[in-house]
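Per chain, numbering begins at 1; letters A, B, ... match sequence-line order.
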Amino acid sequence: MGCFVVPAAEAVVTTVVTKVVEKKEREALEKGLPVSEFNKEKFSSKLKRLNGLLWGGSGLLAFEHLWHGEIQPFFPFLTAAENPGELTEVFHEMSTVGVGMAVLVTGIWAVMTFVLDSKTEKSEKGKELV
Amino acid sequence: MTLLISALAAVITTLIWYVSEKARVMKIGILCYMFWGASIMWFVDAVAEYIELRDAYFTPALEDMVNDTFLGLSVVVLALLIWVGYVLIKDPMKVIANRK
């Protein structure tokens with residue numbers, strides 16, 4: 001019913017965090033980077049992948065909810081909000097399925113980021129040996 | 001059905017992203033993010049539904065299946081439209097910028 005709202009809210013937060021991190025990275029770059037940091041992927045780039053998953057996923061899920069008539073393009077947006085009895089069900093779904101969605105997407109992103117980092121580190125070590 | 005169609009689209013776009021440099025220039029990664037994000041979310045939805053319905057989850061009514069198939073295909077078309085819109089705005093191959 002309103003499960004996609006949770007990952008969408010997370011997407012808003014991570015997008016703001018990405019902008020802040022990007023600004024800090026730009027400032028650090030102006031001051032000069034140590035050589036060891038040259039080939040490392042920026043944290044903001046990693047966060048952009050999470051943003052893509054969260055925005056993309058919640059966007060398509062919003063369409064699904066529109067298809068099923070669970071949301072509407074005008075206030076109060078959630079059709080269940082017109083009936084206070086149904087609101088409890090919406091909050092229950094948001095706190096179970098919605099949170100589950102946000103946690104799984106973030107977890108998969110974290111694992112993916114860890115694997116990519118390890119691979120990059122390995123290939124860098126390989127280059128050093130050659 | 002929506003989950004299956006979305007997951008299939010995610011796998012296909014990821015393979016295209018991996019093998020084709022031109023596709024990467026064309027920002028096909030956006031489609032990957034959309035389809036993978038939606039597939040993960042629908043997977044959680046499917047698990048929750050399975051916990052509630054148990055075996056009945058795997059034997060949906062024909063009408064529901066047809067509706068879900070249409071929804072899945074519509075989702076793919078919507079994602080493609082978003083991607084095409086993004087490509088036309090960003091113009092990564094400078095086709096629009098260089099046209100006479």
Side-chain angles (χ1 to χ4, degrees), chain A residues 1-12 14-15 18 41 45-71 89-113 116 119, chain B residues 1-11 13-14 17-18 24 27-53 57 60 63-86 90:
Chain A
M1 279 179 165
C3 49
F4 75 97
V5 174
V6 181
E10 188 190 342
V12 172
T14 54
T15 304
T18 307
E41 189 187 16
S45 306
K46 295 171 189 172
L47 276 174
K48 277 179 187 169
R49 280 200 288 269
L50 178 62
N51 293 341
L53 288 170
L54 290 168
W55 280 120
S58 47
L60 294 184
L61 257 79
F63 176 72
E64 185 227 324
H65 285 68
L66 195 68
W67 179 282
H68 288 136
E70 292 167 355
I71 56 169
E89 206 181 317
V90 172
F91 287 130
H92 179 257
E93 200 184 289
M94 279 166 71
S95 61
T96 52
V97 181
V99 171
M101 286 172 175
V103 168
L104 190 64
V105 170
T106 312
I108 288 174
W109 166 80
V111 171
M112 193 172 81
T113 305
L116 284 175
K119 275 194 96 161
Chain B
M1 207 49 151
T2 317
L3 168 63
L4 279 179
I5 292 171
S6 153
L8 192 68
V11 171
T13 48
T14 307
W17 172 84
Y18 185 78
R24 288 195 291 273
K27 306 283 177 195
I28 203 172
I30 287 168
L31 278 178
C32 298
Y33 288 133
M34 280 194 276
F35 289 134
W36 278 119
S39 300
I40 296 165
M41 291 178 196
W42 271 318
F43 173 73
V44 175
D45 206 28
V47 170
E49 221 174 308
Y50 174 75
I51 291 168
E52 200 181 306
L53 302 173
Y57 176 77
E63 201 183 323
D64 291 343
M65 240 169 84
V66 172
N67 187 272
D68 270 0
T69 308
F70 270 123
L71 172 60
L73 294 174
S74 304
V75 161
V76 172
V77 171
L78 176 70
L80 288 171
L81 283 172
I82 294 169
W83 174 60
V84 167
Y86 182 85
K90 291 281 174 181

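- Residues Val97(A) and Ala48(B) approach most closely at CG2-CB, 3.6 Å, considering heavy atoms.
- Taken to the nearest 0.5 Å, the OG atom of Ser39(B) stands 10.0 Å off from the CG atom of Leu53(A).
- Between chain A and the options Asp45(B), Val47(B), Ile30(B), Asn67(B), the largest number of non-hydrogen pairs under 4.5 Å is found for Asn67(B).
- Within 6.0 Å of atom CH2 in Trp83(B), more than 12 heavy atoms from other residues, nucleotides or ligands are found, so the atom counts as buried in its surroundings.
- Trp36(B) has its side chain out of reach of Ile108(A): every pair of non-hydrogen atoms, C-beta onward, lies at least 4.5 Å apart.
- The greatest number of non-hydrogen atom pairs below 4.5 Å with chain A, out of Gly29(B), Cys32(B), Ala38(B), is found for Ala38(B).
- Heavy atoms closer than 4.5 Å to chain A are found in both the backbone and the side chain of Phe70(B).
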Open item on the list: Please evaluate residues Tyr33(B) and Leu54(A) with respect to the criterion side chain to side chain contact (heavy atoms under 4.5 Å, CB included), reporting the C-alpha separation (whole Å), side-chain torsions for both, the decisive distance (0.1 Å), and the verdict.
Closed with: CA-CA 8 Å; Tyr33(B) 288 133; Leu54(A) 290 168; over 6 Å; no
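- Within a 6.0 Å radius of OH in Tyr50(B), more than 12 heavy atoms belonging to other residues, nucleotides or ligands are found.
- In this structure the side chain of Phe35(B) reaches within 4.5 angstrom of the side chain of Leu60(A), judged on heavy atoms.
- Residues Phe63(A) and Leu71(B) are in side-chain contact: their nearest non-hydrogen atoms beyond the backbone lie under 4.5 Å apart.
- At most 12 non-hydrogen atoms from other residues, nucleotides or ligands lie less than 6.0 angstrom from NZ of Lys27(B).
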TODO: Would you check, one step at a time, whether the test side chain to side chain contact (heavy atoms under 4.5 Å, CB included) holds for Glu64(A) with Trp42(B)?
DONE: CA-CA 10 Å; Glu64(A) 185 227 324; Trp42(B) 271 318; 2.6 Å; yes
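- No side-chain heavy atom of Met41(B) sits under 4.5 Å from any side-chain heavy atom of Val6(A).
- Using a 4.5 Å cut-off between heavy atoms, Ser6(B) does not touch chain A at all.
- For His68(A), the NE2 atom sits in a packed shell: over 12 heavy atoms of surrounding residues, nucleotides or ligands are nearer than 6.0 Å.
- Atom CH2 of Trp67(A) is separated from atom CG of Leu78(B) by 11.0 Å, given to the nearest 0.5 angstrom.
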